[in-house]
Every structure is written in C-alpha cells, then in structure tokens.
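Notes follow the structure.
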Amino acid sequence: LVVNGNLRLGLTLGGTGASTTFGTLTIDSGVIVKGNVVGGDSGASTVTLDTGSLSVSGKLGNNGGANDKPINTLNLTSGTLNLSLGTAGNPITPVCNANNLSVSAITLNLDGSGLSPGVIPVIKWYISGSFSGITYGTLPPKTFGYYSNSTDTLYLVITNVDAPKWSGRVNGNWDINTTANWIGGVSGAPATYQQVIVPGDAVLFDDTVTGTTTVNLTTTLSPAAIT
C-alpha cells in the first residue's frame, strides 16, 4: 500500500460521530506513507506493526493542528519502521508521537538530508511506553551518532556528518554514487556524492584538492549546500 499524501485515521467532518471517531491500522506487509500519519479528531487511533514495514515521510502521529493528534496506541510488535527526517535539516519536534507506546522487536531506520551535529527527538510517548525492544538500524549516509533516551523521548545524537570534499582524484566527473572524486571532509576516506533524495549531500570545495579542479556536471545535481 502506497499513500501519496497524509493518512488520517478517523477524521470526521461533522456528524454525530465526530467526537468519538477513530481509526485502526494493522500492518503485516509493507505500507509507505508519503506524508503524515495523523491520529484524527478523537485521539483514540491505533497503529500496529505486526510484521513487514512501515515507511513514513512525514510525522507518525502528528501533534500540530487542532485535528492532528498523536497516535493513541502504537504497537511496534515486529518488522521495520522507516522514518524520514526530511530535507530541511534537523527537526526540532518529535518525528513519531504516541500516547501509549508498546515495543516488542522492531528495527528502526532513519533517512534524511541536510542534517548537522545536534540532538533530534525521534519518538515520544505521552502516557506510557518503553523503548526496549528497538534494534537501531541505518542512519542517513555519512551521518554518525547514537541513540539516547529520557523517560519518554528517544533522541538521535548526531556527532558528525562526514560531508564530502572535492578531490578530483579519479577524473573531473561530478556524478551520483559512481565516481570516488570526493573524500570525507572529516575521515579523508575516498567517497562518492550521494543523492538518494533531493537535496543530496552538502559538499565542500577548498584549496586542498589533489586532483583536477575542472568539474564536469554529468547529471542534474541538487546538493544541500556548496561551500
């Protein structure tokens, strides 16, 4: 199932059921939501990841507007939860919001671009919950850090983003994930430019280049920043 926008659980526009309407989503295969998963008016909705995967490109349980509620009960029983941190840098509000969080055994993967060292709130519960049972999977390319939690919030602490620096060591081609004409700005290891989503890597050009300084743009490139 692919939802090309927001998935709202239990929204009722008027009618006698408006105050008590809620929705339930149970996942046992693969669901992709290219927007927010919102709890709806009543705040009593349930999402259960039994197996398979849930991929969300916005907020899981948005906690913003008047009709945007956290998921009331989020059951992460088994499978993979893929959360996108977006393209606008470090989010300042939790990506996932649930009143009651239950975790058995899931893998948590994060992606995003334009991130920088700092602390990102990833999952927050408001009434009850625990983060035990989460296996921490992949982070965005060239992003290094670790997870830490308070009583009710799971944080990603980004310690370093190894932005690529032009070296021109192979040739002059600036392409996507093909030619290692870059080195890690911190590690110094050979690297390729990554653009899994737009924008791609933030890149650096400076006077330490050891190869060619003539750069050939081989395709449409959208770096997060050029320094």
Side-chain angles (χ1 to χ4, degrees), residues 1-12 17-65 67-86 91 93-112 120-141 143 145-157 196-197:
L1 173 65
V2 178
V3 181
N4 289 308
N6 293 338
L7 174 60
R8 189 179 295 274
L9 300 174
L11 175 66
T12 300
S19 63
T20 58
T21 300
F22 62 92
T24 297
L25 175 66
T26 301
I27 300 164
D28 58 11
S29 56
V31 173
I32 299 173
V33 180
K34 298 180 179 181
N36 301 312
V37 179
V38 180
D41 293 359
S42 67
S45 299
T46 297
V47 173
T48 299
L49 179 58
D50 269 341
T51 186
S53 64
L54 171 61
S55 302
V56 181
S57 296
K59 295 293 183 73
L60 174 54
N62 195 15
N63 196 26
N67 293 323
D68 295 346
K69 307 296 183 182
I71 302 300
N72 186 57
T73 302
L74 178 59
N75 299 312
L76 302 177
T77 305
S78 180
T80 303
L81 177 62
N82 302 307
L83 297 177
S84 174
L85 302 180
T93 58
V95 182
C96 176
N97 297 273
N99 286 333
N100 303 285
L101 174 66
S102 174
V103 179
S104 296
I106 63 109
T107 298
L108 174 63
N109 297 323
L110 298 183
D111 67 20
I120 296 173
V122 179
I123 302 176
K124 180 177 177 62
W125 57 261
Y126 295 87
I127 297 175
S128 66
S130 171
F131 301 110
S132 62
I134 298 178
T135 297
Y136 301 112
T138 58
L139 294 177
T143 301
Y146 59 92
Y147 288 93
S148 180
N149 66 273
S150 63
T151 300
D152 59 5
T153 305
L154 176 68
Y155 298 95
L156 171 63
V157 181
V196 178
I197 57 176

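Position 1 is the first residue of the sequence, and the numbers go up from there. What you are looking at is a predicted structure, and each value in this text was computed from that prediction instead of being measured.
To the nearest 0.5 Å, atom CG of residue Asn4 and atom OG of residue Ser57 are 10.0 Å apart. Between atom CG of residue Leu76 and atom OG of residue Ser104 there is a gap of 8.5 Å, rounded to the nearest 0.5 Å. Taken to the nearest 0.5 Å, the CD1 atom of Ile27 stands 10.5 Å off from the OG1 atom of Thr77. To the nearest 0.5 Å, atoms CD1 (Ile106) and OG1 (Thr80) are separated by 8.0 Å. Within the model, atoms CG of Leu74 and SG of Cys96 stand 5.0 Å from one another, a figure rounded to the nearest 0.5 Å. Taken to the nearest 0.5 Å, the OG1 atom of Thr151 stands 9.0 Å off from the CZ atom of Phe131.
Residues passing the ring-ring contact (aromatic ring centres under 6.0 Å, His included) test with Tyr136 are Tyr147, sequence neighbours excluded. Here Asp152 pairs with Lys124 under the salt bridge (Lys or Arg N to Asp or Glu O under 4.0 Å) rule; sequence neighbours left out.
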Under the side chain to side chain contact (heavy atoms under 4.5 Å, CB included) rule, what do Tyr155 and Ser150 come out as? Steps first, then yes or no, please. CA-CA 8 Å; Tyr155 298 95; Ser150 63; 3.9 Å; yes
Test Leu110 against Thr143 for side chain to side chain contact (heavy atoms under 4.5 Å, CB included), laying out the working first. CA-CA 10 Å; Leu110 298 183; Thr143 301; over 6 Å; no
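The backbone N or O of Asn6 sits nowhere less than 3.5 Å from a side-chain atom of Asn36 that would complete a donor-acceptor pair.
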Contacts under 3.5 angstrom, residues 46-56 side chains, donor-acceptor by atom type, not counting sequence neighbours:
unit_1 : atom_1 : unit_2 : atom_2 : d
Thr48  : OG1    : Asn75  : ND2    : 3.1
Ser55  : OG     : Asn82  : ND2    : 2.9

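In terms of heavy atoms, Pro91 sits closest to Pro121 at O-CD, 3.7 Å. Residue Gly112 comes nearest to Pro140 through the heavy atom pair O-CB, 3.6 Å, listed as atom of the first residue, atom of the second, then distance. Of all the heavy atoms in Pro70 and Tyr126, the pair that sits closest is CG-CE1, 4.1 Å.
Each of Asn109, Leu60, Thr107 was scored for a side chain to side chain contact (heavy atoms under 4.5 Å, CB included) with Leu81, with one residue passing: Leu60. Evaluated for a side chain to side chain contact (heavy atoms under 4.5 Å, CB included) with Ile71, the options Val37, Leu25, Asn97 yield exactly one hit, Val37.
Inspection of the Asn72 and Ser45 side chains reveals no N or O donor paired with an N or O acceptor under 3.5 Å.
At a threshold of 4.5 Å between non-hydrogen side-chain atoms, the residues Leu156 and Leu139 count as touching. Val3 has its side chain within reach of Leu1: a pair of non-hydrogen atoms, C-beta onward, lies under 4.5 Å apart.
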